[in-house]
Amino acid sequence: EIDAPVQDVWNVAADLNRIGEWVTIHRAFPSPPPAELKPGTQFKQTVTVAETPFEIEWTAGQVDGPRRLTWAGVGPAGNSARTTYSFAAENGGTRFTYENEFELPVGKVGEAAGHVVSGAAGREANDSLARFKALVEA
């Protein structure tokens with residue numbers, strides 16, 4: 001729950017240039033992200049998970065502001081990710097729901113990495129959400 005109106009929460013979440021202010025795994029954009037966000041918008045992002053940097057290419061799916069924003073990501077070696085942000089007015093503020101699913105490559109490498117990545121991803125998601133809440137409520 002975030003003590004701010006839905007539109008204010010959306011404005012921060014949908015501003016690609018602000019990702020570095022709250023997403024803890026974000027390291028850089030290889031090129032500046034687009035200013036306009038609409039279905040099909042694409043950008044590349046360098047992230048670090050479990051001390052391993054890699055690049056993800058994101059494509060916006062649903063852009064229904066200020067209610068829902070979805071992303072599909074493709075990373076190295078067959079990695080993929082799906083992220084959904086949902087926004088709902090609640091108790092005078094906003095309930096911000098963050099869902100992130102990722103698929104690692106098949107085989108022993110993916111299986112071994114899965115245990116490390118899932119633990120690190122959960123911690124990073126919680127840290128990112130705490131940062132996001134503080135940023136929007138400031």
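Keep in mind that this is a model prediction, so the values were computed, not measured.
- Using a 4.5 Å cut-off on side-chain heavy atoms (C-beta onward), V47 and F54 make contact.
- Residues A4 and T94 come closest through the heavy atom pair O-OG1, 2.7 Å.
- The heavy-atom pair separating V63 from L37 by the smallest distance is CG1-O, 3.9 Å.
- Of the possible donor and acceptor atoms, one in the side chain of N79 sits under 3.5 Å from a partner among the backbone N and O of P76.
- Of all non-hydrogen atoms in P66 and Q7, the two that sit nearest each other are CG-OE1, 3.5 Å.
- Considering only heavy atoms from C-beta on, I2 comes within 4.5 Å of V136 through its side chain.
- With contacts defined as side-chain heavy-atom distances shorter than 4.5 Å, the pair E57/Q42 qualifies.
- Counting heavy atoms from C-beta outward, F102 and S80 have side chains that stay 4.5 Å or more apart.
- The two residues E55 and T46 come nearest to each other via the heavy atoms OE1-OG1, 4.1 Å.
- For N91 (side chain) and G93 (main-chain N/O), no donor-acceptor pair under 3.5 Å exists by modelled atom type.
- Pairing each heavy atom of P30 with each of K44, the nearest pair is CD-O, 3.2 Å.
- Checked against W71 for a side-chain contact (heavy atoms from CB on, under 4.5 Å), the options N100, T59, T83 give a single hit: T83.
- If you take CZ on R18 and CZ on F132, they are separated by 9.0 Å, rounding to the nearest 0.5 Å.
- For the atom pair F87 CZ and D8 CG, the distance stands at 11.5 Å (nearest 0.5 Å).
- We find that E1 and K133 are not joined by a salt bridge, their nearest charged nitrogen and carboxylate oxygen being 4.0 Å or further apart.
- Looking at heavy atoms from C-beta onward, Q45 lies in side-chain contact with H26 at the 4.5 angstrom threshold.
- Using modelled atom types, one side-chain atom of E137 and one backbone atom of D3 make a donor-acceptor pair closer than 3.5 Å.
- Residues W10 and F96 place their aromatic rings such that the two centres sit no closer than 6.0 Å.
- Atom-to-atom distance recorded for N17:CG and F43:CZ is 10.0 Å, nearest 0.5 angstrom.
- The side-chain heavy atoms of Y98 and T84, taken from C-beta on, include no pair separated by under 4.5 Å.
- Looking only at atom types and distance, the side chain of D127 has no donor-acceptor partner in the side chain of T24 under 3.5 Å away.
- How far OG1 of T41 is from CD of E36: 6.5 Å, rounded to the nearest 0.5 Å.
- Considering every non-hydrogen atom in both F29 and L16, the closest pair reads CZ-O, 3.3 Å.
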